[in-house]
Amino acid sequence: MNFDLVLCGVGGQGVLSTAYVVDHAAVEAGLHFKQPEVHGMAQRGGAVSAQVRLSDGPVSSDLISDGAAGAILSVEPMEGLRYLKQLRPDGWLVTDVTPLKNITEYPDLERLFHVLFSVPHVIAVDATKLAAKAGAMKAQNMVVLGAAARFLPVPLALLERHITALFQPKGERVVTANLKAFRMGVAASAFGAALVARGVPRPLVARALARLDFQPVEVDELVVKAWADRLAGVDGAAVAQRVFASRELLPVDVLTANTLN
Amino acid sequence: MDSEILLGDEAVARGAIDAGISAAYAYPGTPSTEIFESLQTYVKQQKLDVKGLWSTNEKVALEEAIGVSYCGKRSLVAMKHVGLNVAADPFMNVAVSGAWGGLVLAVADDPSMHSSQNEQDSRYFADFAQVPCFEPADQQEAYAMTLDAFALSEKLRVPVVLRLVTRLAHSRALVALGERSAQKPLRYVDDAGLYTLIPSNARRAYAGLVGKQAALADYAEQHASNALTIRGEQLPGLIVSGVAWNYLREALGPRLEDFNVLRVSVYPLPVKKVRALLDASSDVTFIEEGYPFIERFVSALGLLREKPLKGKLTGDVPRMGELSPDVVRRVFGLKVAPTLTIEGLDGVLAARPPRLCDACPHGDSYNLINEVLKELTPGMRVMGDIGCYALGYYRPYQAIHSCLCMGSSIGMALGAAHAGVSPSLCVIGDGTFTHSGMTALVDAVHEDLPVKVFILDNSIVAMTGGQPVSVSDEQVVDLVAGLGVKREHIRVVSPLPQKHAENLAVVREELAHPGLSVIVARRACVRYAKEIKEHKRERDAAHHHDGGCQDCTGSCR
Ligand SMILES: Cc1ncc(C[n+]2csc(CCOP(=O)(O)OP(=O)(O)O)c2C)c(N)n1
Ligand code: SF4
């Protein structure tokens with residue numbers, strides 16, 4: 001088993017904390033790993049990235065090859081796309097949808113999202129807003145990690161244990177918020193997978209997921225069914241478009257509550 | 001045995017501590033900074049008695065380490081590759097005098113220039129000085145070879161270079177740690193001539209260094225990590241060094257079995273093994289990270305034609321930039337993995353270059369400089385230097401027109417003045433000024449031409465992550481005055497938007513002065529406010545509180 005991972009974002013977005021959690025969880029799971037990182041001038045808002053190479057045997061190269069990553073975990077949508085060359089054609093891009101526009105030439109959002117949703121396997125969540133709801137603005141990295149957790153060859157419980165260990169020095173409140181953020185990501189990802197399993201086209205799932213508010217628990221079966229029926233229906237694309245156009249996060253039970261017409 | 005997840009840099013730090021160092025010195029620089037950073041943290045955490053500091057520059061750092069070595073104790077000194085240029089004088093000479101306590105230089109190269117001006121390969125420096133060099137391939141070797149390096153240094157009384165590269169320095173892996181050796185006792189050499197390199201002694205010492213070469217060659221020849229594997233007569237051969245070994249294994253996989261391989265990790269080059277590989281192989285390809293160092297020796301610059309040799313000199317391996325598994329695959333004509341093609345992707349990727357933080361004092365200094373530039377001869381050039389403020393090259397400032405090496409701006413401005421530029425402007429950070437700008441200022445004092453030096457005093461070495469500056473606040477002014485600049489032409493301004501007009505008046509006054517002026521733009525870096533406070537506290541605490549000091553907030557006042 002070999003699993004390569006790219007982690008990316010902008011300086012200050014917690015990319016290296018995510019790496020810490022994955023590294024430690026991997027060691028505890030008995031895996032070998034190497035984890036290079038690029039943080040030259042991160043503090044001044046530049047791009048930051050790390051790679052994690054996981055394997056059940058010794059890892060030779062620190063660097064991954066192009067087309068080798070099983071997943072890209074990004075805390076910023078354009079940054080996620082930046083590393084697409086490293087993704088396996090069947091690999092997953094898991095990203096926050098909230099852009100960080102600290103440059104003047106930030107691309108047009110409509111074009112950016114068009115490209116993002118044409119990636120074959122993408123999970124886009126509003127990690128920034130979900131993290132705020134979880135109680136820690138900075139926990140967007142944990143939402144993304146949660147959303148990607150099902151692809152990683154490391155048990156969920158180990159990831160949670162090392163999230164706890166990482167934030168313990170900052171106090172119980174920070175630990176709780178980060179775990180909550182992580183579980184929101186897990187719920188979002190499972191919800192997306194359930195929709196796909198029910199036959200909803202992936203691009204529609206991706207768009208809807210990006211504007212939904214998740215609780216740190218699994219989404220109710222009835223809610224899943226309501227969404228699947230709606231998105232797989234004749235006006236599914238229009239619904240997905242409408243959901244994605246929303247400025248606020250919509251509660252995931254918005255359909256069953258009958259407030260989305 | 002304990003295992004810990006460590007960066008390559010951290011593995012070196014832990015290796016040094018476990019080798020029983022008594023002191024460590026460093027000057028920050030990517031990708032070497034984490035060596036001393038982690039060492040300092042660990043020493044504090046474990047309450048170890050290991051001395052040392054962020055030195056004022058690399059030359060001083062090495063000299064401090066040499067002092068420890070001459071007293072019989074072990075010491076580590078860490079720097080980035082260009083730092084060894086600054087430390088070259090003591091380095092070349094301590095090679096001649098020899099070490100006494102183990103002396104190891106951990107030098108981190110930066111192929112691909114992720115955060116450097118060049119790709120220089122420190123193996124050349126080690127070779128130039130005729131001292132051994134270790135080139136670990138991974139974090140575990142970084143730890144183990146640090147221990148080896150100290151042992152060798154002491155055994156043969158030579159300084160030893162440990163060469164890291166970015167991808168090892170800044171990559172984490174699990175490292176198994178061993179036992180810690182005790183520190184060495186203070187023991188003097190009772191022959192002062194050994195370390196007093198006046199010509200008569202130097203000739204004797206140099207003969208000593210030349211005399212050590214056979215033992216060093218022997219050591220490299222025997223070292224287990226210089227591994228020669230001959231799999232068959234007239235198979236193709238490979239010579240591979242350092243981290244390139246990882247990429248090669250990844251790229252070739254089981255195909256590696258079809259080659260004769262010499263892996264090199266310890267220099268001087270194990271020439272007997274190289275000879276054996278050449279004899280046994282149909283041809284030889286060189287895979288090394290950095291300059292074509294081994295290839296130049298073995299191929300005699302392409303003059304050796306007894307076997308086909310392929311590498312960076314022949315264009316078979318890319319000459320510039322770092323290697324990767326894919327680069328190595330292409331060298332051997334192997335397939336690389338397919339990647340996604342997404343329509344419109346390039347159109348939505350904008351570069352995200354580093355930029356000055358919001359409210360950074362350097363931004364206000366550049367606004368000031370740009371404003372006065374408009375009043376001067378069009379096309380005026382400002383000599384720049386290295387630090388966060390080098391970002392003043394970019395929009396929206398575009399205020400500096402050079403950045404060569406640390407400390408160069410003042411000398412270049414003086415040169416420009418000699419070339420007829422008047423006034424001749426330059427900017428230099430407070431850290432860079434004490435690193436290597438001060439000596440040039442002494443020349444500028446001597447010439448007293450209209451050179452206008454802006455010292456951007458942000459109270460920290462920011463660029464490399466917030467290390468302490470050697471002098472701060474009024475000390476900067478005193479230092480500049482002490483170097484001979486007239487007090488009335490040392491002006492302190494506070495680079496803030498609301499003080500723009502006031503500051504402008506000060507700068508204009510100094511531009512009108514026909515001699516040397518120093519304008520200290522003093523405002524603390526906003527990003528490292530916490531560290532600046534912490535450094536101040538530490539400086540005060542380290543003071544000898546004898547009641548006599550003027551500027552101390554400690555208990556003596
Ligand atoms: C010889 C050498 N050593 C180290 C470095 C790495 N380096 C680049 S800038 C810098 C320090 C800059 O500090 P300062 O002048 O105080 O400017 P600031 O970043 O705080 O604005 C260092 C250490 C280098 N480029 N060259
Ligand atoms: S780290 Fe400090 S000196 Fe560097 S850009 Fe930020 S505020 Fe300016």
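Residue numbering restarts at 1 for every chain, and letters A, B, ... go by the order of the sequence lines.
- With chain A as the partner, the residue from Arg395(B), Arg167(B), Arg249(B), Glu322(B) showing the most heavy-atom pairs under 4.5 Å is Arg167(B).
- Contact of Glu76(A) with chain B is made through the side chain alone, with heavy-atom distances under 4.5 Å.
- The only member of Glu288(B), Glu135(B), Glu289(B) that meets salt bridge (charged side-chain N to carboxylate O under 4.0 Å, His left out) when paired with Arg163(B) is Glu135(B).
- Ion pairing of Lys129(A) with Asp126(A) is present here, as a side-chain N (NZ or NE/NH1/NH2) and a carboxylate O approach within less than 4.0 Å.
- Residue with the most contacts toward chain B among His114(A), Glu37(A), Glu105(A), Gln51(A): Glu37(A) (heavy-atom pairs, distance under 4.5 Å).
- Chain B forms more heavy-atom pairs under 4.5 Å with one residue of Ala50(A), Ser65(A), Gly67(A), Gly91(A) than with any other, namely Ser65(A).
- Contacts of Ile103(A) with chain B are made by side-chain atoms alone, with heavy-atom separations under 4.5 Å and no backbone atom involved.
- Of the charged side-chain nitrogens involved, at least one lies within less than 4.0 Å of a carboxylate oxygen, so that Arg53(A) and Glu250(B) count as a salt-bridged pair.
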Show me the donor-acceptor pairs, under 3.5 Å and distance only, between side chains in residues 19-28 of chain A and residues at least two apart or in other chains.
| residue | atom | partner | partner atom | Å |
| --- | --- | --- | --- | --- |
| His24(A) | ND1 | Tyr20(A) | O | 2.9 |
| Glu28(A) | OE1 | His162(A) | NE2 | 2.6 |
| Glu28(A) | OE2 | Arg161(A) | NH1 | 2.3 |

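- Only the side chain of Leu7(B) has a heavy atom closer than 4.5 Å to any heavy atom of chain A.
- With a 4.5 angstrom heavy-atom cutoff, Glu343(B) touches chain A only via backbone atoms.
- The pair Arg263(B)-Glu141(B) meets the salt-bridge criterion, with a side-chain N (NZ, NE, NH1 or NH2) lying under 4.0 Å from an Asp/Glu carboxylate O.
- Residue contact with chain A, scored on non-hydrogen atoms closer than 4.5 Å, is absent for Glu4(B).
- Only the backbone of Ala351(B) comes within contact range of chain A, with at least one heavy atom under 4.5 Å from a heavy atom of that chain.
- Under the 6.0 Å distance and 45° angle rule, Arg14(B) counts as a cation-pi partner of Tyr42(B).
- Both the backbone and the side chain of Leu345(B) come within less than 4.5 Å of a heavy atom in chain A.
- If you measure heavy-atom distances from Leu100(A) to chain B, the contacts under 4.5 Å come from both the backbone and the side chain.
- Separating the CG atom in Leu145(A) from the CG atom in Leu152(A) is a distance of 6.5 Å, to the nearest 0.5 Å.
- For a residue to count as touching a neighbouring chain, one of its non-hydrogen atoms must lie under 4.5 Å from one of that chain's; by this rule Arg329(B) touches chain A with the side chain only.
- Taking the six-membered ring for Trp and thresholds of 30 and 60 degrees, Phe244(A) and Phe113(A) have ring planes more than 60 degrees apart, a perpendicular arrangement.
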